Amino acid sequence: QVQLVESGGGLVQAGDSLRLSCVASGRTFSNYARGWFRQAPGTERELVAAINWANSNAYYSDSVKHRFFISRDAAKDTVYLQMNSLRREDTAIYYCAATGPYGALSGPYLNWGQGTQVTVSS
């Protein structure tokens, strides 16, 4: 079981940047995927970015491509989501998630953090 704890959410203005962090503990793996999902009220949870822990291959949804950047620090078991040029439509609860060993960027994601709120005002 992997425990995930997110931090870094908050209230920002449109155009600002924000960096989310997600630290893992427990039974982590050398080759698995870590992802960031988001869910706004009344919408489905969507995968916005994911990274392969072994080779750093990354995925981005079209809605955040070229604005959000995912990275990892293996020594700290931490994955980051750098969010630039934030828009009102980026407002959501952001969740960190992890697959099992050798999991694909697309999942399935088995372990989830508690979420962190990101609110973008205009």
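Note that this is a predicted model, so its numbers are computed, not measured.
Residues Asp90 and Arg67 form a side-chain contact, since some pair of their non-hydrogen atoms from C-beta on lies under 4.5 Å apart. Side-chain contact between Gln1 and Arg27: absent, with no pair of heavy atoms (C-beta onward) separated by less than 4.5 Å. Looking only at side-chain heavy atoms (C-beta outward), Leu47 and Trp36 stay at 4.5 Å or farther from each other. By the 4.5 Å heavy-atom criterion applied to side chains, Leu18 and Leu86 are counted as neighbours. Contact annotation: the side chain of Phe37 approaches that of Trp112 to within less than 4.5 Å [non-hydrogen atoms, C-beta and beyond]. With a 4.5 Å cut-off on side-chain heavy atoms, Val79 and Ile51 count as touching. Residues Leu20 and Thr116 form a side-chain contact, since some pair of their non-hydrogen atoms from C-beta on lies under 4.5 Å apart. At a threshold of 4.5 Å between non-hydrogen side-chain atoms, the residues Arg72 and Tyr80 do not count as touching.
Here the closest non-hydrogen pair linking Ile70 and Tyr60 is N-OH, 2.9 Å. Across all their heavy atoms, Gly26 and Gln3 have their closest contact at CA-OE1, 3.6 Å. Between Ala14 and Ser122, the closest heavy-atom pair is CB-CA, 4.3 Å. Here the shortest heavy-atom pairing between Ala40 and Ala92 reads N-CB, 3.9 Å. When all heavy atoms of Leu81 and Ala49 are compared, the pair lying nearest together is CD1-CB, 3.9 Å. For Tyr109 against Gly35, the heavy-atom pair with the smallest separation is CE2-N, 3.5 Å.
To the nearest 0.5 Å, atoms CG (Asn84) and CZ (Phe69) are separated by 6.0 Å. Interatomic distance, CD of Glu6 versus OG1 of Thr78, reported as 12.0 Å (0.5 Å rounding). Going from atom NE2 of His66 over to atom OG of Ser85 covers 12.0 Å, rounded to the nearest 0.5 Å.
For the salt bridge (Lys or Arg N to Asp or Glu O under 4.0 Å) test, no residue two or more places apart in sequence or in another chain qualifies with Arg34. Partners of Asp77 by salt bridge (Lys or Arg N to Asp or Glu O under 4.0 Å), not counting sequence neighbours: none found. Residues satisfying the salt bridge (Lys or Arg N to Asp or Glu O under 4.0 Å) criterion with Lys76, sequence neighbours excluded, are absent altogether.
At a threshold of 4.5 Å between side-chain heavy atoms, the hydrophobic network of Ile, Leu, Val, Met, Phe, Trp and Tyr places Ile93 and Val118 in two separate groups. The hydrophobic clustering, which links ILVMFWY residues whose side-chain heavy atoms are closer than 4.5 Å, places Phe68 and Val120 together.
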Inset, instruction - Please test Tyr59 against Asn52 for side chain to side chain contact (heavy atoms under 4.5 Å, CB included), starting from the C-alpha separation and ending with a verdict. - result: CA-CA 9 Å; Tyr59 159 84; Asn52 180 282; over 6 Å; no
Inset, instruction - Evaluate the side chain to side chain donor-acceptor pair (under 3.5 Å) criterion for residues Gln117 and Thr119: first the C-alpha distance (whole Å), next the side-chain angles of each, then the deciding distance (0.1 Å), finally the verdict. - result: CA-CA 6 Å; Gln117 176 71 47; Thr119 303; 3.3 Å; yes
Inset, instruction - Tell me, with the steps shown, if Gln82 and Ser17 meet side chain to side chain contact (heavy atoms under 4.5 Å, CB included). - result: CA-CA 7 Å; Gln82 178 67 40; Ser17 297; 3.8 Å; yes
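Judged by the 6.0 Å and 45° rule, Arg45 forms a cation-pi pair with Tyr95. For the pair Arg38 and Tyr94, the NZ or CZ position fails the cation-pi test of under 6.0 Å to the six-membered ring centre and within 45 degrees of the ring normal.
More than 12 heavy-atom neighbours from other residues, nucleotides or ligands sit within 6.0 angstrom of CD on Gln114.
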